[in-house]
Enquirer: 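To start, I am sharing the structure in question, which I have written as structure tokens.
Just so it is clear: chains get the letters A, B, ... in the order the sequence lines come, proteins before strands, and each one is counted from 1. Given the structure is predicted, the values throughout are model-derived calculations rather than measurements.
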Amino acid sequence: MTVFRPGRRSGRRRYRPGRLLSRGSRLSMWAGLLIGIGVYVLFGIVPAAGNVIISFTDYTGLPGAPVHNVGFSNYSSMGTTQSAGFTPAVVATVVFVLAVTIAQNALALLLAHRLSGQGRMAAAGRVLVFLPIALGVTIVGLIWILVFDPQQGPAASLFGAVGVHSAFFGASGWAMPLVIFVQVWQNAGFSTLVFIGGLRAIDPQIYEAAGIDGIRPWQRLRRITFPLLAPAVTANVLLAVVGAFTTYNLIYVLTDGQYGTQTLGMLAFNAAFGSFQANLGYGAAVTVVLFVLTLIVALPLMALLRYRERRLLGTS
Amino acid sequence: MRHPRLAGRVAIGLLVVILFVLPVLYALMIAFESPSHFLTSPLTPGSPDTGNFGKAWSGADLGVELANTVIYSVAAAALSTVLGLLIAFPIARRLIRGHSALYTAMFTGLFLPLAIIPLFAEARMLGLYNNRLGYIVLHVEPGLPLAVILLVAFITAIPAELDEAAWMEGAGYLRYLLRVVVPLTRPALLIAFLYGLLGVWNDIIGPVVLLSDSSLFPVTRGIYNFFGSNESQWTLLAAAIVIASLPVVALFAASQRQLIRATVAGSVKA
């Protein structure tokens with residue numbers, strides 16, 4: 001979820017065994033390491049790889065049910081009438097990722113620009129925009145369900161005042177934009193803090209030099225701030241893209257993937273654990289496709305953003 | 001010059017308030033409305049009525065669920081933080097061969113996809129499905145990569161002479177970690193613990209897939225089910241939301257300074 005980058009390490013780093021450690025100490029060091037790495041491998045690496053294996057089976061998750069190797073049939077059935085919903089899910093995913101990435105970064109940039117200061121109001125603003133992350137997707141989702149309740153909610157009154165009536169989260173055409181909105185609302189705070197980190201990293205002397213040259217505020221923003229914010233832009237765009245591709249917990253709370261909001265992540269979950277499906281093999285195959293799709297988009301995007309950083313900052 | 005700046009400030013203040021404060025206030029307001037008042041005039045506050053809270057508390061079984069949530073999230077986040085330290089120290093001090101590869105492997109962990117389907121299969125096979133201990137064990141890994149990355153950065157800043165001096169005097173490894181490294185890395189430990197805790201606390205997919213007994217449900221699944229079974233009893237749901245989010249809001253209020261500062265500082269390091 002976070003995009004902390006590994007610190008650049010100076011020079012060659014060589015292994016320096018702790019000769020001063022006693023035998024017992026060395027034993028406890030290795031014990032601690034092995035437990036930690038064991039947990040990471042068993043519950044991080046193995047599940048990631050396990051998706052691929054399960055995707056070639058008809059695993060149902062039901063106790064005692066036999067599991068067969070079904071070859072590529074989980075993959076070849078995608079997009080055919082046997083598993084309707086795949087193609088719409090691809091479309092929904094693309095729409096969701098594009099809209100969330102653009103909206104989340106635009107909003108976060110706007111907020112960061114105003115909330116990066118040292119004043120009390122700015123500090124209070126930072127707390128407020130970060131609050132949805134503490135509240136979590138379930139509470140956030142339910143709050144917005146209350147707000148957009150078609151009968152009693154304030155949004156219904158607001159839209160009703162201009163003659164627009166809708167079931168909102170229960171209406172095709174409305175559900176997707178609203179889900180995108182809540183996703184942005186939920187995550188904009190984190191992006192804002194990343195942008196604030198970027199803004200604060202800009203050397204104030206650059207602005208002073210620009211002030212002497214009599215540059216206008218808009219020019220200053222466009223020519224100095226935004227280019228120098230490139231590392232934060234890289235982090236935030238990748239964060240939003242990968243997050244929008246892979247997370248579906250908020251969609252699960254808001255619509256459970258109904259009314260045109262079934263992204264690939266949501267589809268995989270529903271195929272596996274949705275009512276009366278128990279098709280974990282197919283769900284795993286969808287997850288693998290989603291993972292490959294994420295890489296196909298994220299890796300070139302990362303290269304592009306890094307190239308942009310180098311060009312704008314003029315460093316290696 | 002002055003006027004546009006002021007206008008900009010007011011505009012952003014309004015945006016923050018309308019976007020981030022009003023929805024939360026609305027939920028808070030209707031939590032205090034009697035159902036009958038809510039039905040007739042939902043948008044105006046009525047005379048405060050606390051009846052919803054009692055009904056939500058017992059109806060959604062919030063006591064048990066909050067206790068479950070606290071147990072799960074504190075235990076899992078503590079374990080990820082401790083294991084994070086046990087992995088981070090040898091990496092930061094280069095005490096093992098392949099410390100660099102291990103660091104890269106942990107960093108990659110930030111981007112591993114959430115593999116809930118294989119995790120479910122593993123939970124079934126290893127006897128971790130539908131029990132408290134299993135649920136905790138399954139939630140340790142997601143917090144590990146961030147803990148390791150934060151702690152490596154912090155430990156690297158502690159002079160290595162310090163450990164050599166202590167070890168020469170025969171201080172044990174774990175004792176040294178506890179007595180010297182833990183106090184010096186407290187900010188990083190706190191951030192790793194908090195992010196780990198929020199991750200477990202707010203998980204909704206995990207409880208849906210990995211638990212089936214309602215007595216084991218954490219509060220996220222509890223209020224989500226309560227929402228499903230009490231469709232359109234919004235004042236009750238709002239009260240449940242308020243109760244369920246109070247602990248995490250209190251924790252956030254207590255730690256927001258460190259959390260926000262660390263996120264701002266740590267997010268963009270070239």
Side-chain angles (χ1 to χ4, degrees), chain A residues 2-7 13 15-18 20-21 25 28-29 32-33 35-36 39-40 43-44 47-48 50-51 54 61 114 125-130 134-139 142-143 146-147 149 152 154 157 193-194 196-198 201 231-232 235 246 249 253 272-273 280 283-284 287 291, chain B residues 12 16 20-21 23-24 26-27 42-43 83 86-87 90 94-95 97 100 107 109 112-115 117-122 138 140-141 144 146 149 153 164 167-168 172-174 198 202 204-205 209 220 223-224 227 234 237-238 241 244-245 248 252 256 260 263-270:
Chain A
T2 43
V3 192
F4 294 89
R5 289 193 200 174
R13 301 203 104 211
Y15 143 75
R16 311 175 318 163
L20 296 167
L21 282 172
S25 285
S28 16
M29 180 187 89
L33 259 175
I35 297 171
V39 167
Y40 179 66
F43 302 112
N51 252 325
I54 295 176
R114 292 290 171 174
R126 289 196 289 273
V127 173
L128 288 175
V129 301
F130 196 72
L135 288 177
V137 291
T138 313
I139 303 260
L142 292 177
I143 287 177
L146 290 179
V147 171
D149 178 59
Q152 308 284 322
S157 317
L193 295 191
V194 174
I196 290 176
T246 53
N249 45 15
V253 174
F273 306 111
L280 278 75
T287 310
F291 181 62
Chain B
I12 210 79
V16 168
F20 289 90
V21 180
V24 178
Y26 172 71
L43 297 184
L83 290 179
L86 289 172
I87 300 175
R94 295 175 269 157
L95 291 172
R97 272 179 224 284
S100 195
F107 183 72
L112 280 183
L114 179 75
I117 294 170
L119 216 51
F120 167 78
E122 254 187 290
L138 291 165
V140 172
E141 191 278 329
L144 263 184
L146 181 65
I149 288 159
E164 276 155 23
W167 293 341
M168 263 200 302
Y173 176 72
L174 293 178
L198 285 179
N202 293 327
I204 177 72
I205 300 299
V209 174
T220 46
I223 58 168
Y224 186 68
F227 155 68
W234 298 134
L237 180 67
I241 289 174
S245 50
V248 83
F252 178 63
Q256 48 87 11
I260 286 176
T263 309
V264 166
S267 51
V268 189
K269 275 193 181 142

Enquirer: Non-hydrogen atoms of chain A under 4.5 Å away: do they reach the side chain of Ile241(B), the backbone, both or neither?
Expert: both
Enquirer: Out of Ile35(A), Leu142(A), Ile196(A), return the one with the most heavy atom pairs under 4.5 angstrom to chain B.
Expert: Leu142(A)
Enquirer: Heavy-atom distance under 4.5 Å to chain A: side chain of Ile223(B), backbone, both or neither?
Expert: both
Enquirer: For a quick test of reading the model, state the closest non-hydrogen atom pair linking Ile143(A) to Pro23(B) and the distance between them.
Expert: CG2-O, 3.6 Å
Enquirer: Between Ala284(A), Ala272(A), Gly61(A), who has the most heavy-atom pairs with chain B when the cutoff is under 4.5 Å?
Expert: Gly61(A)
Enquirer: Ile260(B): what forms a side-chain contact (heavy atoms from CB on, under 4.5 Å) with it, not counting sequence neighbours?
Expert: Arg126(A), Val127(A), Phe130(A), Leu193(A), Gln256(B), Val264(B)
Enquirer: Taking the side chain as C-beta and beyond, is there a heavy-atom pair between Leu280(A) and Phe273(A) under 4.5 Å?
Expert: yes
Enquirer: Let me know if Leu237(B) has heavy atoms under 4.5 Å from chain A in its side chain, its backbone, both or neither.
Expert: side chain
Enquirer: Picking from Asn202(B), Leu138(B), Val24(B), which has the most non-hydrogen pairs under 4.5 angstrom with chain A?
Expert: Asn202(B)
Enquirer: Pick whichever of Gly36(A), Gly125(A), Gly50(A), Pro47(A) has the most heavy-atom pairs under 4.5 Å with chain B.
Expert: Pro47(A)
Enquirer: Find out whether Leu86(B) and Leu33(A) are in side-chain contact, i.e. whether some heavy atom of one side chain is under 4.5 Å from a heavy atom of the other.
Expert: no
Enquirer: Does Phe291(A) form a side chain to side chain contact (heavy atoms under 4.5 Å, CB included) with Asn51(A)? I'd like the steps, not just the answer.
Expert: CA-CA 10 Å; Phe291(A) 181 62; Asn51(A) 252 325; over 6 Å; no
Enquirer: Could you tell me which portion of Ile54(A) (side chain, backbone, both or neither) has an atom closer than 4.5 angstrom to a non-hydrogen atom of chain B?
Expert: side chain
Enquirer: Tyr173(B) vs Trp167(B) aromatic rings, parallel, tilted or perpendicular, using cut-offs 30° and 60°?
Expert: tilted
Enquirer: What residues form a side-chain contact (heavy atoms from CB on, under 4.5 Å) with Val39(A), not counting sequence neighbours?
Expert: Phe43(A), Leu83(B), Val140(B), Glu141(B), Leu144(B)
Enquirer: Quick check on the interface: out of Ala238(B), Pro90(B), Ala244(B), Ala27(B), who has the most heavy-atom pairs with chain A under 4.5 Å?
Expert: Pro90(B)
Enquirer: Using a cut-off of under 4.5 Å for heavy-atom pairs, which of Asp149(A), Asn249(A), Val137(A) has the most such pairs with chain B?
Expert: Asp149(A)
Enquirer: Of all of Ala134(A), Gly32(A), Gly136(A), which one pairs up most often with chain B through heavy atoms under 4.5 Å apart?
Expert: Ala134(A)
Enquirer: Using a 4.5 Å cut-off on heavy atoms from C-beta on, say whether the side chain of Tyr26(B) contacts that of Pro154(A).
Expert: yes
